[in-house]
Structure formats: structure tokens, C-alpha cells
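Okay, so here's the structure we're looking at.
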Amino acid sequence: MEFKDNIPIYLQIKQYLYRQIVTGELKPGQKIPSVRELAVQLTVNVNTVQRALQQMNVEGILYTKRGEGNFVTEDTDLLEKTKQELIDDELNKFVQSMNDLGVSNDQIHDILSAYLK
Amino acid sequence: MSNLLEIENLTYRKNLKVILKDINLNLKHGKIVALLGENGAGKTTLMRIIAGINKNFRGMVAIDGVQSVADRKRVISFSDSLSGFKESTKVAKIINFYEYLYDDFDKNKFKQLQKFMRLNENLRLSEMSKGMREKLIIALTFSRQAELYLLDEPFSGIDAMARKKIISSIILWKADEATILISDHFVNEIASMLDEVVVVKDKTIYCHKSTEEIRENNQSIEEFYENIYGEGDE
């Protein structure tokens, strides 16, 4: 996993885990890898992983079982909301980069329809 | 949290020449910190002072509030360049030496690290590549149960695979409360695993910053570091 070095890494770890959850790589109720496993897998600091997981616990997308680790929420509303947020993020990026290329919002609509046909 | 390492108003001269001056530095428990600076900036000297090898300094150096050299040496594991050993020495003999010298040398931990690094203890130093040698140094250094680990340029001149292996071993085997100070003159390759960076410039600590704070300002650690060293050149 390659991180961008000018964005806080704990935010990128969160994005990475959101994506794994939304795509079903990590399933509702499933235990996620331990802090140290994630740190080694992502080549980051244990403290940084901890910070990301703490925030995700506060958000409710993960929950902690004492002595057992972190688990993915089974709250379907929250999972749906997380998916919607990821979609919005991607749309935002797409529209922004289209605008940067001089494509107006109206044009995006037409271009996209034509592309998807 | 209390400070693990405290340095106050440290000045170090060698042959009447000022090497380091007005050094103030605090490090907390449980951190991975890079000590950055150009070659010759004084990184190794600072490490040697912290480790209790260079003693004739002015100022205060304390670990957990204790200043005595003997007490400091007990809780600091400093990477040795192995230059004290003959090139014909076998790895196994070096391990025995470490076991004999350090009460806190954990043979089991060494065995795990050795397996992870794929170190063959029948090799002689002269038969080892630069990367292999660094792996051995890291394994030996980490096998002590210390509070502060000082790694002096463990990544210089080694290939990407060896570097990856060493970085993984740092993340895997660092005890939660232990702090690691790693010196390097190049930050990019280790940036993702750092909590903090300390930059040595103009014979003193030029800055000490959290890596995530630097990134919050949309700056990469490398840009941040290059900006510091770029300033003086114009």
C-alpha cells in the first residue's frame, strides 16, 4: 500500500479500511487485523494505526471487544451511509478534475451518458 | 506522558571546535523518531553523547530523569558498527559476545529476528553483504530489552529489499513503550513509519516536529526537510 506523503497517514488508513468494508473485503461483524498486523502490512507506525482505529470506533464503523480486537459494525444503515460517503468523495474528485479540464457541469452530464452507452 | 529522554542546553566541543551547541530535546516513550541532517551535521556525535560514549559535554542528558552514564547505558541499545570485530569473526561468535556482555540480551528474540532476517550464523563478517551486515546489526540491537534504541544510519548503502525487511522488523518488534531514534540523511524511504522528525542543522536542533502535523499542512516530510536545508544555499 502506497501512501501519499502530504496527507496525514491516519486519514489514509481510515480511507483504506472504509473501502475494504464497503467492498466487502471486510464483512459486517468480522474481526479486522490487529493493530500491529495492519502496521506491518501498511508499513506505518503502530501509533498511527491506533489513531485511525480510535476514530473509527468513535464513528461506530468499528467496535472493540475487550481483549479480542476490533470488529466491523453490523449496523446496515451506518454501512450504507459509509458507502454513500465514499461515492460522494469519488464524485467530488471526478467533477473537480473535469472542471479543471474546462468541462462544465452540464457537459459532464452529456459526456458521461455518452461514455456509459 | 513523561519524557524518556531529556537533553538540556547541551554543548559539545572536540579539540576546541564546537560540534554541537544549545541542544534541547525531549523524547517521549513509545515513539519512532528520525534524526535528520546532512553528513557531518553531528547526528552520530549526538547519539554517542546520548548513549554515554562521548562524555565531555556541557549541559544535561537524562533518561527517565536519571543522568548517570552507567544507568543510561543500561537502558539504551545503540547500534554497533561491528568495527571492533575482525572480519574473520563468525556471526555465532558475535551473538555469544552480546549474550555475555548484556544482561538484557534476549536470545529468543534474537532467534526470531534471525529467522525473519534469514541470517546465517555460520557466516563470517567478511562474507556478508552490506545489507546482510545491517540486518545483523539491527537484530543484535533489538535483541536487548532497552527503553531507547539508537540506530545510526541503518539504511545507508543497502538495497530496497534489505531496507524493507529492516523497516518491517522495526514495526514488528518495537515494544509499545520503547522509543527508537533513527538517523538518516534521507527521509523519504522511512517517512511513513515515523511519529516525529528531529532536524540537526547549524550545530543544533533546528526543529522537532510531528510527522502528521507536517502532513496536515499539505507538506510531505521530504519537502519539509528539503526546505530546511535549501534555505541556507541561496
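By convention in this document, chain letters (A, B, ...) are assigned in the order of the sequence lines, proteins followed by strands, and residues within each chain are numbered from 1.
- For B/I167, the part lying under 4.5 angstrom from a heavy atom of chain A is the side chain only.
- Around NZ of B/K203, the count of heavy atoms belonging to other residues, nucleotides or ligands within 6.0 Å does not exceed 12.
- With sequence neighbours excluded, the residues satisfying side-chain contact (heavy atoms from CB on, under 4.5 Å) with A/M98 are A/F94, A/V103, A/I108.
- Interface check for chain A: of the options B/I190, B/I214, B/L172, the most heavy-atom pairs under 4.5 Å are formed by B/L172.
- In this view, B/M128 and B/V91, B/L119, B/L123, B/L125, B/M132, B/L136 satisfy the side-chain contact (heavy atoms from CB on, under 4.5 Å) rule, not counting sequence neighbours.
- For A/I9, the parts lying under 4.5 angstrom from a heavy atom of chain B are both the backbone and the side chain.
- The contact between B/L194 and chain A is made entirely by backbone atoms, counting heavy-atom distances below 4.5 Å.
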Scan the chain B/chain A interface and emit each donor-acceptor pair under 3.5 angstrom with its distance.
{"unit_1": "B/G30", "atom_1": "O", "unit_2": "A/N47", "atom_2": "ND2", "d": "2.9"}
{"unit_1": "B/I171", "atom_1": "O", "unit_2": "A/R36", "atom_2": "NH1", "d": "3.0"}
{"unit_1": "B/L172", "atom_1": "O", "unit_2": "A/R36", "atom_2": "NH1", "d": "3.1"}
{"unit_1": "B/K174", "atom_1": "O", "unit_2": "A/R36", "atom_2": "NH1", "d": "2.8"}
{"unit_1": "B/K174", "atom_1": "O", "unit_2": "A/R36", "atom_2": "NH2", "d": "3.1"}
{"unit_1": "B/D176", "atom_1": "OD1", "unit_2": "A/R36", "atom_2": "NH2", "d": "2.8"}
{"unit_1": "B/S192", "atom_1": "OG", "unit_2": "A/T43", "atom_2": "O", "d": "2.6"}
{"unit_1": "B/M193", "atom_1": "O", "unit_2": "A/N45", "atom_2": "ND2", "d": "2.8"}
{"unit_1": "B/D195", "atom_1": "OD1", "unit_2": "A/N45", "atom_2": "ND2", "d": "3.4"}
{"unit_1": "B/D195", "atom_1": "OD1", "unit_2": "A/N47", "atom_2": "ND2", "d": "3.2"}
{"unit_1": "B/D195", "atom_1": "OD2", "unit_2": "A/N45", "atom_2": "ND2", "d": "2.8"}
{"unit_1": "B/D195", "atom_1": "OD2", "unit_2": "A/N47", "atom_2": "ND2", "d": "3.1"}
{"unit_1": "B/E212", "atom_1": "OE1", "unit_2": "A/I9", "atom_2": "N", "d": "2.8"}
{"unit_1": "B/E212", "atom_1": "OE2", "unit_2": "A/I9", "atom_2": "N", "d": "3.0"}
{"unit_1": "B/E212", "atom_1": "OE2", "unit_2": "A/Y10", "atom_2": "N", "d": "2.8"}
{"unit_1": "B/R215", "atom_1": "NE", "unit_2": "A/D5", "atom_2": "O", "d": "3.4"}
{"unit_1": "B/R215", "atom_1": "NE", "unit_2": "A/D5", "atom_2": "OD1", "d": "3.0"}
{"unit_1": "B/R215", "atom_1": "NH2", "unit_2": "A/D5", "atom_2": "OD1", "d": "3.1"}
{"unit_1": "B/I221", "atom_1": "N", "unit_2": "A/D5", "atom_2": "OD2", "d": "3.1"}

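- A search for side-chain hydrogen bond (donor to acceptor under 3.5 Å, both in side chains) contacts involving B/D159 returns nothing, not counting sequence neighbours.
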